[in-house]
Amino acid sequence: MVEAITLAHEAMQPIIELQRRMREELGQPKMSYPVSGPDETVEAEVRAWLGTKVEELIAQTTSKEERNEALAALSQALQEAFTDPETGAPRYPVQDLAEAFQTVLKEAVRRRILEQDERPDGRHPNEIRPLYIEVGLSPRAHGSGLFQRGETQVLSIATLGTVGEEQMLDDLGVMERKRYMHHYNFPPFSTGEVRPLRGPRRREIGHGALAENALRPMIPPEEEFPYAIRVVSEVLSSNGSTSMASVCASSMALMDAGVPIRAPVAGIAMGLIVDEESGRYKVLTDIQGIEDALGDMDFKVAGTDQGITALQMDIKIKGLSMAILREALDQARAARLEILEAMQAVLPAPRPEISPYAPRIYTLQIPVDKIGKLIGPGGKHIRAIQQETNTKIEITPEGMVYIAATDEAGAQRARELVQLYTEDAQVGKIYTGRVVRVTDFGAFVEILPGVDGMVHISQLSDRRVPRVEDVVQVGDEIMVMVTDIDPEGRIRLSRQAVLEGWTLEEAREADRKGKGRGSDRGRNGPRGGDRGRSTPRGGRPKGNGGRRRRSR
Amino acid sequence: MSTQYSVVSHRYAAPLGDREVIVEAGKLAMQANAAVTVRMGDSMVLATAVATYQPREGISFFPLTVDFEERLYAVGRIPGSFFRREGRPSETAILYSRLVDRSLRPLFPKGFRNDVQVIVTPLSFDEVHPLDTIAVIAASAALTISDIPFHGPVGHARITVDEVGRLIVNPTIPEYENRRLDLRVSGTADAIHMVECAAGEIERR
């Protein structure tokens with residue numbers, strides 16, 4: 001990883017050089033601008049007034065709420081101290097005072113960490129906040145995981161759906177569909193704020209994508225686990241590194257849902273405090289809100305016990321050395337392993353069964369040339385099967401059929417029906433079919449959906465039959481054996497073979513003898529009128545050509 | 001009789017891995033503080049940078065906005081929406097905007113509070129050369145040649161691994177898709193300051 005980052009930095013140098021050349025040749029003079037913020041006198045006065053108050057305050061408070069209240073009170077006292085008692089007007093702009101206060105606070109927090117290894121909440125630099133982990137919090141959801149790290153708390157909930165429910169992407173990206181989706185929500189109550197809800201913001205999209213990347217390599221392939229998976233992470237309480245908490249919570253939710261992930265993934269946010277003058281630095285494990293805001297780096301690392309799956313780093317200072325980067329990655333790994341252990345103590349592996357409330361998905365492969373027949377004209381066949389069996393069926397262009405059902409029996413029945421639709425008539429096999437048409441020379445029987453064959457009058461019964469209608473009527477159900485399928489796919493059936501209990505050979509023999517008697521209804525005669533109804537009726541539905549997946 | 005408008009385009013080229021990156025300025029969007037196009041293969045973006053000349057009052061942050069404005073004409077498609085317009089930014093567009101934002105934001109001077117807006121519009125996408133790489137480069141180049149204070153220039157490079165684990169610089173989309181490493185790094189001449197990475201269990205080494 002470090003090697004790759006170093007290589008990237010080397011590779012980008014020509015592009016940087018190019019821009020320098022452009023600046024020399026085309027660059028406009030830079031605009032002048034007023035520097036906002038307090039000037040040195042304000043800062044010095046504020047610093048003098050505060051003395052050691054800030055450091056004492058940090059030392060005495062540990063929770064975010066407690067600290068924020070104390071800081072607000074101190075800031076208020078500062079504003080009052082800098083107000084002219086006679087006019088009631090502030091001696092300096094309120095904004096400048098507030099910023100100077102922030103500067104002093106920042107320095108104090110950083111100094112304590114650098115010099116005393118003492119973080120705002122009293123932790124050592126490589127210490128993780130206390131953890132709490134739980135699964136199965138939602139009784140009906142397919143899987144849920146709660147992950148709490150200090151004051152940061154995330155609830156992730158997994159839902160399993162059919163592969164057809166995966167997300168289609170209509171953008172400039174190249175990937176067209178997404179089977180594993182992770183959505184991250186950061187509601188205002190998580191920081192105790194009031195703010196109108198206006199859909200996901202950029203930060204939420206970014207965090208969601210990061211956690212999605214972190215887990216994607218662990219998601220089993222479609223062939224092994226034919227489900228679309230959506231995980232939603234709700235940040236219920238935030239004090240830093242919620243995106244990494246959502247990675248941990250999502251691993252728990254997926255395992256609770258019985259998704260056979262190869263290994264759980266944990267995430268940790270690392271921070272950095274550098275004293276640019278002395279070069280001294282401290283790498284911080286599991287940074288909380290204030291350490292992110294006042295620190296020099298936000299470095300999020302997610303991975304399994306085997307390695308990193310996602311990484312995101314933003315650095316505020318110039319010149320992060322590869323040595324620091326290495327140290328940060330090592331420290332992150334130690335933390336990751338510790339968290340993974342805590343997660344696996346709650347749930348060591350994915351549950352062997354998916355939730356009883358999740359759809360069961362059964363797959364079967366059918367020949368590609370049977371897809372059209374299974375779907376039927378305008379989706380007639382497939383709709384009928386779904387209705388009858390209370391299932392949801394999807395067919396891929398490759399002939400993979402996904403049957404989603406909430407009960408086992410419905411799935412079984414649907415499976416049988418699908419097979420029936422895609423079955424070819426087999427010579428020697430006995431079918432129960434329905435008479436669809438009667439002619440002088442025999443009866444046409446539908447033995448499989450859309451597949452007809454003909455029973456010649458000579459094979460209609462174990463007795464001599466004067467007229468076809470004497471034995472069967474349209475709509476009758478009869479049992480017949482397939483005795484022959486000619487090269488054009490026309491199927492010859494025998495009812496007599498079933499009645500007599502003949503083998504295929506005996507049935508064929510009888511058929512041949514019948515013809516040998518020189519009957520005028522020879523081999524060609526009766527077939528003349530049969531225009532090959534044995535080929536599938538219908539065909540592919542219209543208007544579906546461009547779609548990648550059929551789903552109805 | 002109309003006279004010919006005099007258009008002078010300045011063209012620069014530099015290698016990024018095995019590929020050439022072409023940066024042009026001076027032709028398009030001349031009312032922006034600066035505008036450049038960057039092209040790699042048949043993928044091309046336009047980046048514009050505009051700043052107000054007065055700081056925004058009463059804020060304690062730097063008001064930078066970066067928008068990657070997705071346009072389906074870049075791949076010769078009409079959007080599938082009811083109005084046949086692009087509508088709200090897609091997740092990809094938001095992620096690209098964030099990548100550019102994170103690559104630029106640390107390099108503005110402290111105390112600079114003027115509004116700055118960077119808009120990156122893809123003009124062409126060949127589905128081989130990734131747009132995010134050239135979006136970062138274009139945004140940085142626009143700011144670098146503009147009159148907006150900026151401690152760039154910023155470079156950007158993507159790294160992946162091949163089947164045998166060798167590192168590849170600036171891979172094409174087919175080269176990095178479904179590989180064990182997709183690393184994106186932004187940096188200046190001296191140091192890196194942004195890393196984004198998706199990997200299949202890779203250790204630090």
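Every chain is numbered from 1 and lettered A, B, ... according to where its sequence line falls, protein lines coming before strand lines. Values below: all heavy atoms of this structure, side chains included; hydrogens, waters and symmetry mates excluded.
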Colleague: Give me the one residue out of B/Arg158, B/Arg184, B/Arg102 that meets side chain to side chain donor-acceptor pair (under 3.5 Å) with B/Glu196.
Modeller: B/Arg102
Colleague: Is there a donor-acceptor pair closer than 3.5 Å between any side-chain N or O of B/Ser103 and the backbone N or O of B/Ser186?
Modeller: no
Colleague: Which atoms of B/Ile148 come close to chain A, meaning under 4.5 Å heavy atom to heavy atom: side chain ones, backbone ones, both, or neither?
Modeller: both
Colleague: In terms of heavy-atom proximity below 4.5 Å to chain A, should B/Leu99 be classed as side chain, backbone, both, or neither?
Modeller: neither
Colleague: Go through B/Ser146, B/Pro55, B/Ala93 and name the one with the most non-hydrogen pairs under 4.5 angstrom from chain A.
Modeller: B/Ser146
Colleague: Can you label the angle between the B/Phe112 ring and the A/Tyr33 ring as parallel, tilted or perpendicular, going by 30° and 60°?
Modeller: perpendicular
Colleague: Look at A/Leu210, A/Leu26, A/Asp305 and state which one has the largest set of heavy-atom pairs under 4.5 Å with chain B.
Modeller: A/Leu26
Colleague: Please state whether the side chain, the backbone, both or neither of B/Leu95 comes within less than 4.5 Å of a heavy atom of chain A.
Modeller: side chain
Colleague: Less than 4.5 Å to any heavy atom of chain A: does that hold for the side chain of B/Asn33, its backbone, both, or neither?
Modeller: both
Colleague: Would you mind checking which part of A/Arg201 comes under 4.5 Å of any heavy atom in chain B, side chain (CB onward), backbone (N, CA, C, O), both or neither?
Modeller: neither
Colleague: Do A/Arg216 and A/Glu212 sit within salt-bridge range, that is, some charged N less than 4.0 Å from a carboxylate O?
Modeller: yes
Colleague: Heavy-atom distances under 4.5 Å only: say whether B/Ser140 touches chain A with side chain, backbone, both or neither.
Modeller: both
Colleague: Is it the side chain or the backbone of B/Pro122 that comes within 4.5 Å of chain A heavy atoms, both, or neither?
Modeller: side chain
Colleague: Please rank A/Leu7, A/Asn213, A/Val301, A/Asp298 by heavy-atom pairs under 4.5 Å with chain B and give me the top one.
Modeller: A/Leu7
Colleague: Using non-hydrogen atoms and a 4.5 Å limit, figure out which bit of B/Leu181 sits close to chain A: side chain, backbone, both or neither.
Modeller: side chain
Colleague: Which bit of A/Pro14 comes within less than 4.5 Å of chain B, counting heavy atoms only: side chain, backbone, both or neither?
Modeller: both
Colleague: Does any heavy atom of chain A fall under 4.5 Å from the side chain of B/Arg180, the backbone, both, or neither of them?
Modeller: neither
Colleague: Relative to chain A, which segment of B/His10 carries a heavy atom at a distance below 4.5 Å: side chain, backbone, both, or neither?
Modeller: side chain
Colleague: Under 4.5 Å heavy-atom distance to chain B, tell me which part of A/Arg333 shows up: side chain, backbone, both or neither.
Modeller: side chain
Colleague: Name the member of B/Ala14, B/Pro153, B/Ala157 that forms the most heavy-atom pairs with chain A at distances under 4.5 Å.
Modeller: B/Pro153
Colleague: Ignoring hydrogens and geometry, is there a side-chain-to-backbone donor-acceptor pair from A/Gln331 to A/Val283 under 3.5 Å?
Modeller: yes
Colleague: Check whether any side-chain N or O of B/Arg179 sits under 3.5 Å from a backbone N or O of B/Glu175 as a donor-acceptor pair, and report yes or no.
Modeller: yes
Colleague: Without swapping roles, check the side chain of B/Ser43 against the backbone of B/His129 for a donor-acceptor pair under 3.5 Å.
Modeller: yes
Colleague: Which bit of A/Met297 is near chain B, if near means a heavy-atom gap under 4.5 Å: side chain, backbone, both or neither?
Modeller: neither
Colleague: Check whether A/Gln306 gets within reach of chain B through its side chain, its backbone, both or neither, counting any heavy atom under 4.5 Å.
Modeller: both
Colleague: At a 4.5 Å cut-off on heavy atoms, which part of B/Leu143 comes close to chain A: side chain, backbone, both, or neither?
Modeller: backbone
Colleague: Counting heavy-atom pairs under 4.5 Å to chain A, which of B/Asn170, B/Val23, B/Asn114, B/Leu131 comes out on top?
Modeller: B/Val23
Colleague: Can you tell which part of A/Glu99 gets under 4.5 Å to a heavy atom of chain B, answering side chain, backbone, both or neither?
Modeller: side chain
Colleague: Has the side chain of B/His193 got a donor or acceptor atom that lies under 3.5 Å from a matching backbone atom of A/Ile315?
Modeller: no
Colleague: Tell me, out of B/Asp147, B/Val154, B/Ile145, who's got the most heavy-atom pairs with chain A below 4.5 Å.
Modeller: B/Asp147
Colleague: Given a strict heavy-atom distance threshold of 4.5 Å, which part of B/Thr52 is in contact with chain A: side chain, backbone, both, or neither?
Modeller: backbone
